[in-house]
Structure formats: C-alpha cells, structure tokens
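Per chain, numbering begins at 1; letters A, B, ... match sequence-line order.
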Protein chains: 2
Amino acid sequence: MSTQTEGQELASWARMLADATRATVCLALLDGRAWTATELARLAKVSRPTISEHLNLLVDGGLLREVRQGRHRYVQLAGPDTAELIEGLAALAPRRTEVANSLSAVSKRDAFARARTCYDHLAGKLGVALADAMTERGLLDWSDGITLTPEGSAWLDDLGIVLEGRNGRPAVRSCLDVTERRPHIAGAVGAALCSHALREGWVTHIPGGRALKVTGSVREFGLGVGVIRELQP
Amino acid sequence: MSTQTEGQELASWARMLADATRATVCLALLDGRAWTATELARLAKVSRPTISEHLNLLVDGGLLREVRQGRHRYVQLAGPDTAELIEGLAALAPRRTEVANSLSAVSKRDAFARARTCYDHLAGKLGVALADAMTERGLLDWSDGITLTPEGSAWLDDLGIVLEGRNGRPAVRSCLDVTERRPHIAGAVGAALCSHALREGWVTHIPGGRALKVTGSVREFGLGVGVIRELQP
DNA sequence: CCGACAGTTCGGTGCCGGCCTAACCGACCG
DNA sequence: CGGTCGGTTAGGCCGGCACCGAACTGTCGG
C-alpha cells in the first residue's frame with residue numbers, strides 16, 4: 001500500500017475522465033439514458049472510429065455499461081454508483097466563471113437550474129425544494145446518514161409509489177446538487193419519485209436537454225405555492 | 001453551458017490527477033504537511049527538474065499552494081476544500097484488491113486503518129468512533145447537514161479547545177472515511193480535536209506515515225474502554 | 001570567496017494517445 | 001439481392017507531455 005502504487009491507481013482512474021471527448025460523453029450520459037455510439041460521436045464532434053475507441057476504454061474501465069442490439073451499440077453509465085461518482089466530481093471540480101451572453105443561453109441555463117433530471121432523479125431548485133419539504137414534514141431522517149421515516153414510507157404508499165427491484169441500492173441517498181450546492185434526494189426513492197412525476201405529467205422534459213418543465217401539479221409532492229411559482233419561468 | 005465546454009473543464013481538471021507522479025504527490029500531501037520539492041522527487045522517483053514542472057502545473061491549477069523559504073520550495077494542498085476533493089476522489093476511485101503479503105505490510109495497514117490523520121483531522125476507526133461517540137452524547141446535530149449543538153460547544157470549552165482563526169471554514173464537516181466508509185469529523189472542529197489530541201499526547205504519530213498510536217488517554221474524548229481496546233494492536 | 005545544495009531553465013528524446021481516412025463486417029430494408 | 005447504415009479494424013499522422021542531463025541561479029555555511 002505504498003503511496004506510489006496508490007498514485008498509479010488514482011491516476012489510471014482519473015485518466016478516464018482526463019480527455020475532453022470522454023468527459024463530454026460521461027456528462028451527457030448523466031441524463032441516465034442509453035446513447036448510441038454515433039449519437040455520442042456527433043455530440044462530441046469526433047469521427048465514429050474515434051468514439052468507438054473511447055467507448056471501449058470507458059467500458060473496459062468499468063465506468064460504462066453497453067448493450068448491443070442489432071447493429072446498434074447502446075452505452076450508458078455502469079450504474080447508480082458510477083453516476084454518483086461523475087456527478088460528485090462535476091460538482092466538486094472548480095468552476096470557471098461561465099459567461100452566458102446570448103438570451104437563449106441564459107434562459108436555457110435558468111431552466112436547467114430550476115428543474116432537471118440528474119441521472120434518474122430530480123435535481124435543481126426543484127430537487128432541493130422537494131428534499132426540504134420532505135424533511136420538514138418528517139418524511140426523512142437525517143440523524144444517521146439519511147433514511148426514510150415510517151411516515152415517509154406511508155407517504156410513498158399514498159402516492160401509489162412502489163420501489164421496484166433495487167438490488168442492494170440504498171432506498172434513499174443524498175446527492176449534492178450541482179447548481180444549488182445543497183443536497184437533493186437520490187437512491188431508489190429519488191428514482192421512483194422522478195419517474196412518478198414524469199408519468200403523472202407533473203413535470204415534462206424540455207426537448208434537447210435534461211431540463212424539466214414544472215406544472216402546478218407538483219403540489220402533490222407537498223410543495224408550497226410560493227416555491228412552485230419560483231420553479232416556473 | 002454546452003455539454004462540450006463542460007467536458008473541457010472537467011477533463012482539464014481531471015488531467016491534473018491523471019499522471020502517476022502528480023497523483024502520488026497529491027496523495028502524499030494528504031498528510032497536511034508541507035513538503036519540499038526534493039522530498040517529493042525522491043518519493044515519486046523522478047528527477048528534480050521533472051518534479052519542478054509537475055509542481056508548477058499543480059500550483060497553477062490551484063490544487064497546491066506554495067511557500068518559498070530561502071532556497072526551499074515548500075508545497076502543500078491549497079486548502080481544506082482541496083484536501084476534501086482529493087480525499088473524496090481517492091475514496092471513490094474503485095479499489096483494486098490490494099494484496100498485502102508481507103507481515104510488516106499487514107501490520108502497517110492495520111495501524112493505518114485503526115487510527116491516522118487525514119489532512120488535519122482524525123480518521124480511521126478512531127475518527128469514526130469519535131464521531132459516533134459525539135453523536136451519541138448529543139454533541140452533534142445531523143438534522144441539517146451537520147452542526148455542533150450547544151452541548152457540543154460547551155464540551156469543547158471544557159476540554160479547553162478554542163477554534164483559532166477559521167476564515168469562512170465550516171466549524172464542523174463530515175468527511176467519508178476511506179477505510180471505514182462511514183463519516184468522521186472534519187472542519188475546524190475536526191482539526192482542533194486532532195491537534196489537541198496530539199498536543200496532549202493522547203495519540204502520537206508513528207514515524208514514516210500518517211498512522212497514529214492510540215493511548216488510553218483518548219477516553220478523555222468520551223470513548224468507551226471496549227472501543228479503545230479495539231484501537232490498539 | 002568557495003563549495004555544497006535547492007531549485008529552475010533549456011534543449012532534446014521518446015513515447016503514448018487522440019484523431020483521421022479508408023477499408024471492412026454485419027444488420028436491416030426494399 | 002444490392003443499397004444503406006451502424007460500427008469496427010487497420011494504418012498512419014501529429015502533438016503533447018513526461019522524462020532526463022547539463023548548465024544556470026540563488027541561498028546558505030564555513
């Protein structure tokens with residue numbers, strides 16, 4: 001366990017993200033969807049052979065998981081833990097001041113900050129507000145890590161939410177929000193809440209990104225009207 | 001805020017750690033001390049010109065801070081936040097199964113797991129046990145992030161611990177323990193507790209690493225005898 | 001002053017890795 | 001079956017960068 005061999009491992013791991021193309025891919029994959037190789041090539045503005053090599057590297061490194069279907073190679077983050085890892089890093093990495101000049105860029109960024117998906121759960125002001133509301137109503141217990149209280153479980157039942165097959169995944173996990181810098185809800189419950197909200201139409205995807213449009217129905221989540229107003233343009 | 005430019009930033013940041021030599025340096029610096037360039041060159045087994053370039057890169061990148069004194073160039077982690085970042089990454093990076101074969105390696109690793117410093121605070125079983133004990137006695141409040149309760153502040157006073165000049169640093173912060181995978185206490189309080197324990201001789205450095213020798217006096221921290229016995233060889 | 005020592009600058013070398021084009025394989029589709 | 005399209009393989013190019021030795025700057029101690 002010399003510092004040197006440790007260094008080797010840390011470095012070889014960091015190298016996976018130390019390339020602009022690969023980093024772009026991983027960031028894109030944070031939307032939780034499976035992308036095809038060509039889609040990613042177009043996104044990262046490189047040729048298909050190039051993206052192919054990068055994907056090999058990331059899959060071999062265990063960061064990505066792939067599914068071959070016919071002539072397509074679908075690739076996605078290896079799992080929730082991997083997603084958390086990328087998320088965390090992106091949140092930690094010192095952010096250079098980003099200048100949003102054009103009007104459309106500004107509104108886009110605002111929408112992103114208001115509400116979006118983060119891998120498979122809700123994030124942005126919406127995600128943080130949801131976590132706050134749940135805490136306030138005694139649905140979450142933060143005393144030791146973070147857990148769902150009995151009231152929390154009952155609440156999920158009321159909403160008709162069932163946690164489907166989570167193999168060993170923690171029911172609820174906190175995840176540092178990239179824009180808010182405060183925790184929001186991840187884990188199996190986070191995923192279930194997100195898919196429920198989408199299924200019920202409480203939030204809908206804004207095409208071309210991870211940003212979400214928030215409807216008044218999110219009050220079903222126990223959010224106050226004032227909060228909800230802030231989540232809308 | 002395109003995914004592409006984000007990728008650039010994440011990548012350029014990750015590149016700092018994507019070299020075995022630089023990673024080794026950062027890991028070594030986790031002990032919180034300031035090292036000279038030559039020491040690091042010897043540790044990483046590279047020439048002095050080479051280490052000089054690496055240090056330039058890390059300092060420019062904001063990961064390291066340097067102090068020039070006479071003909072020496074002392075370098076250390078830029079700050080607590082940077083240390084947390086490296087720590088976090090090292091904890092997250094998938095660990096290959098490390099085989100400790102020799103007897104001395106085993107006992108070394110055990111000592112490291114039992115008690116050590118982590119940047120400027122206590123870690124290992126000791127760190128986690130301390131956090132547990134403080135929580136149990138109502139000195140810490142985990143309901144919103146983590147804070148010191150009034151009882152906690154009083155306890156610090158009793159021990160004669162004063163928090164010196166912490167410019168904007170959170171009083172108490174939780175930090176994921178690399179070996180235990182459970183939180184221990186960092187932040188200004190963590191640093192104060194650590195330096196107090198060292199000053200009082202409750203723990204002492206085992207030469208040649210970050211590992212600590214634990215004496216019975218740590219009961220002053222409110223640890224049970226059973227716990228303390230586990231912390232000793 | 002004159003060595004000894006810490007660190008840097010400079011030039012040069014070698015290699016690795018990211019990228020491309022061209023050619024190929026295999027799946028799907030009329 | 002022939003065309004199209006997604007993906008991979010092969011080969012070659014280029015740039016960057018990690019490294020070193022040698023020479024230089026600057027500091028400290030006799």
Is any side-chain heavy atom of A:His184 less than 4.5 Å from a side-chain heavy atom of A:Cys118?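 Answer yes - side chains close enough.
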Find the distance between CD (B:Glu87) and CG (B:Leu27) and round it off to the nearest 0.5 Å.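 Those atoms lie 10.5 Å apart.
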On DNA chain D, reading 5' to 3', which nucleotide is the first and which the last to sit with an atom under 4.0 Å from a heavy atom of chain B, could you check?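 Under 4.0 Å from chain B, the extent on DNA chain D is D:dA18 to D:dC28.
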[X] side chain vs [Y] backbone, donor-acceptor pair below 3.5 Å:
{"X": "A:Thr24", "Y": "A:Ala20", "answer": "yes"}
{"X": "A:Arg15", "Y": "B:Ala18", "answer": "yes"}
{"X": "A:Arg22", "Y": "A:Met16", "answer": "yes"}
{"X": "B:Glu39", "Y": "B:Thr36", "answer": "yes"}
{"X": "B:Arg210", "Y": "B:Thr117", "answer": "yes"}

Parallel, tilted or perpendicular: which fits the ring planes of A:Phe221 and A:Trp202, with parallel below 30° and perpendicular above 60°?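 It falls in the perpendicular class, over 60°.
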Distance-only donor-acceptor test, A:Arg71 side-chain atoms vs C:dC28 base atoms, 3.5 Å: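 Answer no: no donor N or O sits under 3.5 Å from an acceptor.
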Treat primed atoms plus P, OP1 and OP2 as sugar-phosphate and everything else as base, then score nucleotides 8-19 of chain C 5' to 3': B for base contact with protein heavy atoms under 4.0 Å, S for sugar-phosphate contact only, - for none. BB--------SB
